[in-house]
Amino acid sequence: MMSFLGGGLFTWVSGLFGKLFDYIFKFFFSFKVMLFGMYVIVLSAVLKNVIVWVFEEIIEVASYELSGLSANGIESSVLNLSGATGYLAYHLMLPDCISILLTAIVIRFTLNFIPFVG
């Protein structure tokens, strides 16, 4: 008689722990999938927007500072192409690339004046 009650009680308790473990495992797995999705999708989009915003601000400041050097702004001081080469340079975004490179060089040069940086 005791083994019958002990076996039933053991079965009931082990089933309870099994359901609890199943619930915890499913919750943990779904939580990890959700976090992974947030890191992959949301964090990458936010970081891309922040990095693009920082570079746009830097290029805007550099363009404003260099606009006094020429009549048309930074593009004419960086690259002056006409005809088919100008058309290709415009669609390949060469003036933007060169202005980004020059901005990076200026930022690196400026950071060398700060102690303990660079």
Side-chain angles (χ1 to χ4, degrees):
M1 176 93 169
M2 202 59 169
S3 64
F4 177 69
L5 289 177
L9 184 62
F10 180 74
T11 304
W12 180 76
V13 170
S14 63
L16 185 65
F17 279 121
K19 288 180 183 178
L20 181 64
F21 178 74
D22 184 45
Y23 174 74
I24 290 172
F25 177 75
K26 287 178 183 175
F27 177 76
F28 178 77
F29 184 72
S30 62
F31 186 70
K32 290 295 180 182
V33 167
M34 182 188 66
L35 283 179
F36 178 75
M38 287 179 63
Y39 281 130
V40 168
I41 296 169
V42 175
L43 189 65
S44 62
V46 169
L47 285 178
K48 182 240 177 207
N49 289 337
V50 168
I51 291 170
V52 166
W53 174 74
V54 167
F55 275 108
E56 282 180 353
E57 291 296 321
I58 291 170
I59 290 172
E60 181 181 329
V61 169
S63 176
Y64 177 74
E65 291 297 324
L66 291 175
S67 65
L69 299 177
S70 64
N72 296 330
I74 193 169
E75 279 76 25
S76 65
S77 64
V78 173
L79 192 62
N80 189 6
L81 297 173
S82 61
T85 55
Y87 176 79
L88 287 174
Y90 174 75
H91 286 289
L92 292 174
M93 300 178 75
L94 288 180
D96 295 334
C97 295
I98 292 173
S99 66
I100 289 172
L101 289 174
L102 288 177
T103 304
I105 291 170
V106 168
I107 290 172
R108 176 70 178 161
F109 181 73
T110 306
L111 285 177
N112 283 335
F113 288 113
I114 301 173
F116 306 112
V117 176

Fill in the blank from the handout: Contacts of F31 meeting side-chain contact (heavy atoms from CB on, under 4.5 Å) (sequence neighbours excluded), chain-then-number -> M34, L35

Problem - Qualifying side-chain hydrogen bond (donor to acceptor under 3.5 Å, both in side chains) pairs, either residue in residues 13-28, two or more places apart - result: D22-K26

All N/O donor-acceptor pairs, side-chain side in residues 36-58, below 3.5 Å, sequence neighbours left out:
from : atom 1 : to  : atom 2 : distance (Å)
S44  : OG     : V40 : O      : 2.6
S44  : OG     : I41 : O      : 3.1
N49  : ND2    : A45 : O      : 3.3

Problem - Other cluster members, F29 - Ile/Leu/Val/Met/Phe/Trp/Tyr, side-chain contacts below 4.5 Å - result: V33

Completion exercise
The single option from I107, V106, N112 that satisfies side-chain contact (heavy atoms from CB on, under 4.5 Å) with T110 is V106

